[in-house]
Amino acid sequence: MSTRKKIALIGAGNIGGELAALCARKELGDIVLFDIPAKADFAKGKALDLEQNSSVIGYDAKITGSSDWKDCAGADVVIITAGIPRKPGQSRDDLVATNLPIIRSVAAGVKEHCPDAFVIVISNPLDAMVYELKRATGLPRERVVGMAGVLDSARFQLFLAREANVSIKDVRAMVLGGHGDDMVPVLSATTINGVAATELIAREKLDAIIARTRTGGGEIVKLMGTSAYYAPASAAVAMAEAFLLDQKRLLPSAVYLDGEYGYKDLFMGVPVIIGGRGVEKILEIKLTDDEKAMLAKSAKSVQGITDVVKATPAA
Ligand SMILES: NC(=O)C1=CN([C@@H]2O[C@H](COP(=O)(O)OP(=O)(O)OC[C@H]3O[C@@H](n4cnc5c(N)ncnc54)[C@H](O)[C@@H]3O)[C@@H](O)[C@H]2O)C=CC1
Ligand SMILES: O=C([O-])CC(=O)C(=O)O
């Protein structure tokens, strides 16, 4: 029996496969790539391909494909991508009718087999799906997070780096709020190695970058016909790694708000510290009045789709 950490990836599609590849290369633990019974062989094939890759690259992680929840039992980390991605012309919220029952069935599996895991939800519409996962499992808020802010911030940082013609390594920025088109890129906290971005990039260019960041997911959907998977997988792995290695990283993450920033009973992206105990701290940073107003608008959208979820009875 292995004493390595165990990572259960629920959904063996585009993001699931890339998650497995990254977790394996980083040797974060042994990996179970889980999908529905109709895709069990697909998950097993992907797992085998990734295990064979280990002898070329040289990593020791074991990777198993499965459609049996028992194989996920005792996972330290669960990352959920189960559900469908959007197609060009759709919004993330359009996915709710299909993905809600999927998240509910995944929540039942997590509750029974992985009750001690740190759970990262990726499925869309993100803020509402992670809300439902927490509600249906009853897990404490320290152990349930949604991945969106790390990805949205990565997009913001890339566009800033290209515009300022500086290394991506020197750009620090954060996107808060819901994972929708009214997300909140926080300009007041955006620097290029400590120098305010507003000093280096003209206001109208910054406005264009903010607009592109907000529709960054849709831009890729339009080009590919399905949604992004490389950067989303890396973003979730950064969160998993922060937990597994007790890194205490400050990462924008969707967490259950209980009064922070003036919001209650809602999941939305805010800056948090992720370490070995999961969400160790929610940071209430100073925002400008404009940013507070943008956050209020984003929260209203998130509340709308969360209310749809709350009002939908189990099938
Ligand atoms: N939060 C974020 O920033 C992002 C979220 N997404 C979302 O992530 C989700 C997954 O995207 P992809 O991996 O590209 O989709 P995909 O279609 O490639 O993979 C999804 C997988 O989930 C599986 N699945 C469906 N029901 C399941 C269940 N009950 N249990 C286990 N597996 C189940 C499907 O069979 C499929 O293999 C989508 O909802 C997408 O919108 C995508 C990119 C970024
Ligand atoms: O745009 C989508 O549908 C997928 C997603 O959430 C993203 O890439 O940000």
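Just so you know, these numbers use all the heavy atoms, side chains as well, and skip hydrogens, waters and symmetry mates. In each ligand, atom 1 is the first atom listed, and ligand 1 is the first ligand listed.
Here is the list of ligand 1 atoms found below 4.0 Å of a heavy atom in S105: 29 (N). Which parts of ligand 1 touch N99 is read off a 4.0 Å heavy-atom cut-off, strictly below it: atoms 39 (O). Of all the atoms in ligand 1, the ones that sit under 4.0 Å from a non-hydrogen atom of L151 are 3 (O), 44 (C). Interface atoms of ligand 1 facing L95, defined by a heavy-atom separation under 4.0 Å, are 41 (O). Heavy-atom contacts of G11 reach the following atoms of ligand 1: 22 (O), 32 (N) (cutoff under 4.0 Å). Which parts of ligand 1 touch F34 is read off a 4.0 Å heavy-atom cut-off, strictly below it: atoms 30 (N), 31 (C).
Judged purely by distance below 3.5 Å, without hydrogens or angles, the side chains of S123 and N99 never pair a donor atom with an acceptor atom. Judged purely by distance below 3.5 Å, without hydrogens or angles, the side chains of Q303 and D307 pair a donor atom with an acceptor atom. For the residue pair Y263 / D258, no side-chain donor-acceptor distance below 3.5 Å is found, with atom types taken as modelled.
Closest to atom 17 (O) of ligand 1 among all protein heavy atoms lies P85 CD, 3.5 Å. The shortest contact between atom 26 (N) of ligand 1 and any protein heavy atom is with I102 CG2, 3.5 Å. For atom 19 (O) of ligand 1, the closest heavy atom belonging to the protein is G13 CA, 3.3 Å. Regarding atom 18 (O) of ligand 1, its nearest protein heavy-atom neighbour is N14 N, 2.8 Å. Protein heavy atom at the shortest distance from atom 9 (C) of ligand 1 is T81 O, 3.5 Å. I15 CG1, 3.8 Å is the protein heavy atom nearest to atom 12 (P) of ligand 1. In terms of protein heavy-atom proximity, atom 41 (O) of ligand 1 is nearest to N124 ND2, 2.9 Å. At the shortest separation from atom 25 (C) of ligand 1 among protein heavy atoms lies G83 N, 3.7 Å.
Within the 3.5 Å criterion, the main-chain N or O of G218 finds no donor-acceptor partner in the side chain of T215. A donor-acceptor pair under 3.5 Å is absent between the side-chain atoms of S55 and the main chain of E51, judged by distance alone. In terms of modelled atom types and a separation under 3.5 Å, the side chain of K6 and the main chain of A73 share a donor-acceptor contact. Of the possible polar contacts, none joining the N193 side chain to the D170 backbone as a donor-acceptor pair under 3.5 Å is found.
With a 4.0 Å cut-off on non-hydrogen atoms, A228 touches ligand 1 through its backbone and not its side chain. With a heavy-atom cut-off of 4.0 Å, A82 touches ligand 1 through backbone and side chain alike. Only the side chain of H179 comes within contact range of ligand 1, with a heavy atom under 4.0 Å; no backbone atom does. Residue I122 touches ligand 1 through backbone and side chain together, judged by heavy-atom distances below 4.0 Å. Under 4.0 Å from ligand 1, the heavy atoms of I84 that appear belong solely to its backbone. Neither the backbone nor the side chain of D152 comes within 4.0 Å of ligand 1, counting heavy atoms alone.
Using a 4.5 Å heavy-atom cutoff, the side chains of K281 and L250 are not in contact.
Assignment of Y229 to the shell around ligand 1 is not supported, since no heavy atom sits closer than 4.0 Å.
Within 4.0 Å of ligand 2, counting heavy atoms only, the contacting residues are R86, R92, N124, L151, R155, H179, G217, G218, V221, S227, A228.
Backbone and side-chain nitrogen or oxygen atoms of I10 are examined, and none is located within less than 3.5 angstrom of a nitrogen or oxygen of ligand 1. Residue-to-ligand polar distances place K39 within reach of ligand 1: an N/O pair is separated by less than 3.5 Å.
The neighbour count for K134 NZ, taken as heavy atoms of other residues, nucleotides or ligands under 6.0 Å away, is above 12. More than 12 heavy atoms of other residues, nucleotides or ligands sit less than 6.0 Å from atom NZ of K310.
Residues F156 and V221 do not share a hydrophobic cluster, defined by chaining ILVMFWY side chains whose heavy atoms lie under 4.5 Å apart. Clustering ILVMFWY residues whenever any of their side-chain heavy atoms sit less than 4.5 angstrom apart, transitively, puts V184 in the very cluster that holds M174.
Electrostatic pairing of D152 and R155 counts as a salt bridge here, judged by a charged N lying under 4.0 Å from a carboxylate O. Salt bridge annotation for K248-D246: present, with a cationic side-chain nitrogen under 4.0 angstrom from a carboxylate oxygen.
The aromatic rings of Y256 and Y131 are tilted relative to each other, their planes meeting at an angle between 30° and 60°. Taking the six-membered ring for Trp and thresholds of 30 and 60 degrees, F34 and W69 have ring planes inclined between 30 and 60 degrees apart.
Residue I36 holds the heavy atom nearest to atom 28 (C) of ligand 1 of all those in T98, I36, D35, I103.
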Exercise. Can E219 and R212 be said to form a salt bridge (Lys or Arg N to Asp or Glu O under 4.0 Å), step by step?
Worked result: CA-CA 8 Å; E219 182 179 357; R212 188 174 178 197; 3.0 Å; yes

